[in-house]
Amino acid sequence: MAKFRRRTCIILALFILFIFSLMMGLKMLRPNTATFGAPFGLDLLPELHQRTIHLGKNSDFQKSDRINSETNTKNLKSVEITMKPSKASELNLEELPPLNYYLHIFYYSWYGNPQFDGKYIHWNHPVLEHWDPRIAKNYPQGRHNPPDDIGSSFYPELGIYSSRDPSVIETHMRQIRSASIGVLALSWYPPNVNDENGEPTDDLVPTILDKAHKYNLKVTFHIEPYSDRDDQNVYKNVKYIIDKYGNHPAFYRYKTRTGNALPMFYIYDSYITKPEKWANLLTTSGSQSIRNSPYDGLFIALLVEEKHKHDILQSGFDGIYTYFATNGFTYGSSHQNWANLKLFCDKYNLIFIPSVGPGYIDTSIRPWNTQNTRNRINGKYYEIALNAALQARPSLISITSFNEWHEGTQIEKAVPKRTSNTVYLDYRPHKPGLYLELTRKWSEKYHKERVTYALDHQLPVS
């Protein structure tokens with residue numbers, strides 16, 4: 001009888017383990033055909049990235065400077081355990097594979113701390129309220145309170161750093177170089193303009209360019225959706241960027257099929273502006289056309305919904321990217337649609353740039369958004385995304401992100417950290433550099449495969 005009970009317990013345990021593994025697998029992959037009805041899905045856009053003024057108008061973060069939740073409240077007096085960076089883990093850059101300039105990564109310079117900025121910036125991100133008051137009342141409000149309590153589910157190896165710290169910028173460039181990524185797409189606002197949780201950062205661009213050049217990296221610009229962004233202001237932005245930074249050796253230019261080397265600009269939330277407005281700037285017949293001028297470039301639109309394809313054509317954009325690291329969240333971010341998007345781009349001579357990411361979790365700032373969490377599964381989610389991107393044979397691949405800590409898409413090194421109230425996620429059982437190593441492996445694979453199909457598609461190979 002005892003043997004029977006023991007056998008039954010073993011079978012039950014194995015069954016539970018199987019069910020758990022199956023659920024984790026489904027959580028990782030999320031069916032591409034998943035629909036997102038209210039209150040989730042496309043209603044989250046453009047607010048999904050806390051960079052525009054929209055969410056700020058609907059949220060009152062002055063009620064509390066703390067997060068009133070047992071699972072989210074942390075305090076400075078808590079006992080903490082943090083693993084420190086290990087110099088022994090640094091790689092010899094001379095032994096690494098060549099840089100892949102067809103692999104881009106989104107980079108954010110909006111972080112601050114008291115030592116360099118006089119206060120915490122972005123690490124103390126507010127918890128965003130859900131737009132439905134019935135749902136919002138079930139979640140905490142307030143602001144994170146660094147250094148123990150930060151607006152991220154992971155904790156950086158470099159600690160609560162400032163993007164103004166030259167040693168941090170240096171370390172970031174070294175990590176990007178170690179991953180064989182050739183180009184960083186810098187989140188950019190015009191001078192004296194910033195996102196609602198940050199401070200102006202355009203003055204950091206010269207240092208970032210200098211540090212990037214030290215490691216033979218290139219820098220392109222990811223133009224963010226500031227409040228009055230339109231065709232006229234984007235023209236001024238592009239002129240400013242090219243005039244001020246265009247002669248720097250780290251300034252990125254993409255060699256087109258015709259042999260021209262043109263600057264590239266990613267336009268985040270491009271769909272906010274009507275196609276007619278973009279056409280004024282981006283078509284040769286536009287009222288203030290930038291085409292065939294000293295400020296001409298390659299302008300890459302964000303594709304979210306399938307219908308955006310035709311808006312992008314009408315606007316005069318040169319290509320599309322998909323940004324979001326959540327497979328199934330949008331039409332553009334769903335891996336199963338990349339082959340069709342590539343065909344569409346080939347038909348209309350557009351550059352297709354799928355965006356891959358290691359996972360997604362933004363519940364530290366959007367606690368109600370668990371539906372869009374994507375488990376990293378020790379790197380498997382990332383490798384599935386990278387493989388899907390390679391299958392589409394794209395001209396370029398973008399990575400979301402190097403250090404968007406709020407949304408848990410970073411490949412920057414993270415370490416285990418525990419306080420009395422919180423256990424941060426980390427990359428164990430692997431080392432903090434896991435995602436840099438995986439990126440390096442796939443960068444080399446992409447470089448080799450791209451050479452084989454570039455000639456067939458008349459793509460630049462150098």
Side-chain angles (χ1 to χ4, degrees), residues 97-107 176-177 179-188 212 216-223 250-268 270 297-303 309 312 317-325 332-333 335 337-358 382 385-402 409 411 439-462:
L99 287 166
N100 186 342
Y101 293 103
Y102 301 110
L103 189 60
H104 298 185
I105 190 162
F106 296 110
Y107 182 85
I176 293 170
R177 172 62 186 91
S180 297
I181 300 166
V183 181
L184 56 117
L186 176 64
S187 171
W188 186 84
N216 295 317
L217 304 174
K218 302 296 181 184
V219 178
T220 191
F221 289 78
H222 193 194
I223 299 179
F251 186 81
Y252 177 70
R253 285 180 169 84
Y254 179 81
K255 189 175 181 181
T256 66
R257 296 178 182 180
T258 59
N260 295 325
L262 295 174
M264 180 174 285
F265 301 94
Y266 290 91
I267 311 294
Y268 187 76
S270 51
L298 299 169
F299 297 86
I300 311 300
L302 174 61
L303 184 138
K309 293 190 299 186
I312 287 168
F317 281 101
D318 300 285
I320 64 175
Y321 74 116
T322 60
Y323 188 80
F324 300 108
S333 71
H335 302 166
N337 297 325
W338 287 353
N340 286 334
L341 285 173
K342 179 59 165 58
L343 288 173
F344 173 82
C345 287
D346 287 347
K347 180 178 179 180
Y348 293 101
N349 197 28
L350 299 175
I351 301 170
F352 176 53
I353 310 178
S355 302
V356 302
Y382 192 34
L386 284 159
N387 184 64
L390 262 65
Q391 293 296 317
R393 301 182 132 196
S395 305
L396 301 163
I397 294 175
S398 56
I399 299 171
T400 306
S401 63
F402 180 76
T409 62
I411 68 167
T439 305
R440 181 169 67 250
K441 180 182 81 171
W442 283 88
S443 174
E444 191 171 12
K445 180 177 175 62
Y446 175 44
H447 175 76
K448 291 178 180 178
E449 291 194 10
R450 192 181 186 282
V451 169
T452 63
Y453 65 74
L455 296 177
D456 294 337
H457 291 78
Q458 297 181 322
L459 296 177
V461 293
S462 62

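Residue numbers run from 1 in the order of the sequence given.
- Atom CG of N100 and atom NZ of K448 lie 12.0 Å apart (nearest 0.5 Å).
- To the nearest 0.5 Å, atoms OG1 (T322) and CG (L303) are separated by 8.0 Å.
- Put simply, the side chain of S270 gets close to the backbone of L302: a donor and an acceptor are under 3.5 Å apart.
- Ring to ring, Y107 and H222 are not that close: their centroids are 6.0 angstrom or more apart.
- Rounding to the nearest 0.5 Å gives a distance of 6.5 Å between CD1 of I351 and CG of L396.
- Separation of the Y321 and Y266 ring centroids falls under the 6.0 Å cut-off.
- Between M264 and H104 the shortest heavy-atom distance is SD-CE1, 3.9 Å.
- Y323 has its ring centre less than 6.0 Å from the ring centre of Y268.
- Residues I176 and L184 have side chains in contact (heavy-atom distance under 4.5 Å, counting atoms from C-beta outward).
- With a 4.5 Å cut-off on side-chain heavy atoms, I105 and I411 count as touching.
- Aromatic rings of Y101 and H447 (six-membered ring for Trp) have centroids beyond the 6.0 Å cut-off, not under it.
- Ring planes of F265 and F299: parallel class, angle under 30° (limits at 30 and 60°).
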- Determine, step by step, whether S355 and F106 satisfy the side chain to side chain contact (heavy atoms under 4.5 Å, CB included) criterion, reporting the C-alpha distance in whole Å, the side-chain angles of both residues, the deciding distance to 0.1 Å, and the verdict. CA-CA 10 Å; S355 302; F106 296 110; 4.1 Å; yes
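- Checked for salt-bridge contact, R440 and E444 miss the test: no charged N lies under 4.0 Å from a carboxylate O.
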- Task: For the pair T409 and T400, evaluate side chain to side chain donor-acceptor pair (under 3.5 Å) and give the outcome as yes or no after the intermediate values.
- Result: CA-CA 6 Å; T409 62; T400 306; over 6 Å; no
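- When all heavy atoms are compared, the tightest approach of S180 to P97 is OG-O, 3.6 Å.
- Residues F352 and S395 are not in side-chain contact: their nearest non-hydrogen atoms beyond the backbone lie 4.5 Å or more apart.
- Looking at heavy atoms from C-beta onward, Y254 lies out of side-chain contact with V183 at the 4.5 angstrom threshold.
- In this structure the side chain of Y453 reaches within 4.5 angstrom of the side chain of P394, judged on heavy atoms.
- In this structure, the side chains of T439 and L103 come closer than 4.5 Å at one or more pairs of heavy atoms.
- Note that CD1 of I181 and CD1 of I399 are 4.0 Å apart. Values are rounded to the nearest 0.5 Å.
- Residues L390 and E449 meet the side-chain proximity criterion, which asks for heavy atoms closer than 4.5 Å.
- Rounded to the nearest 0.5 Å, atoms CG (L298) and CD1 (I353) are 8.5 Å apart.
- If you take CG on L217 and OH on Y252, they are separated by 13.0 Å, rounding to the nearest 0.5 Å.
- Annotation: cation-pi geometry satisfied between K309 and F344 (NZ/CZ under 6.0 angstrom from ring centroid, within 45° of ring axis).
- I397 has its side chain out of reach of Y102: every pair of non-hydrogen atoms, C-beta onward, lies at least 4.5 Å apart.
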- Between K441 and L386, does a side chain to side chain contact (heavy atoms under 4.5 Å, CB included) hold up when you go through it step by step? CA-CA 11 Å; K441 180 182 81 171; L386 284 159; over 6 Å; no
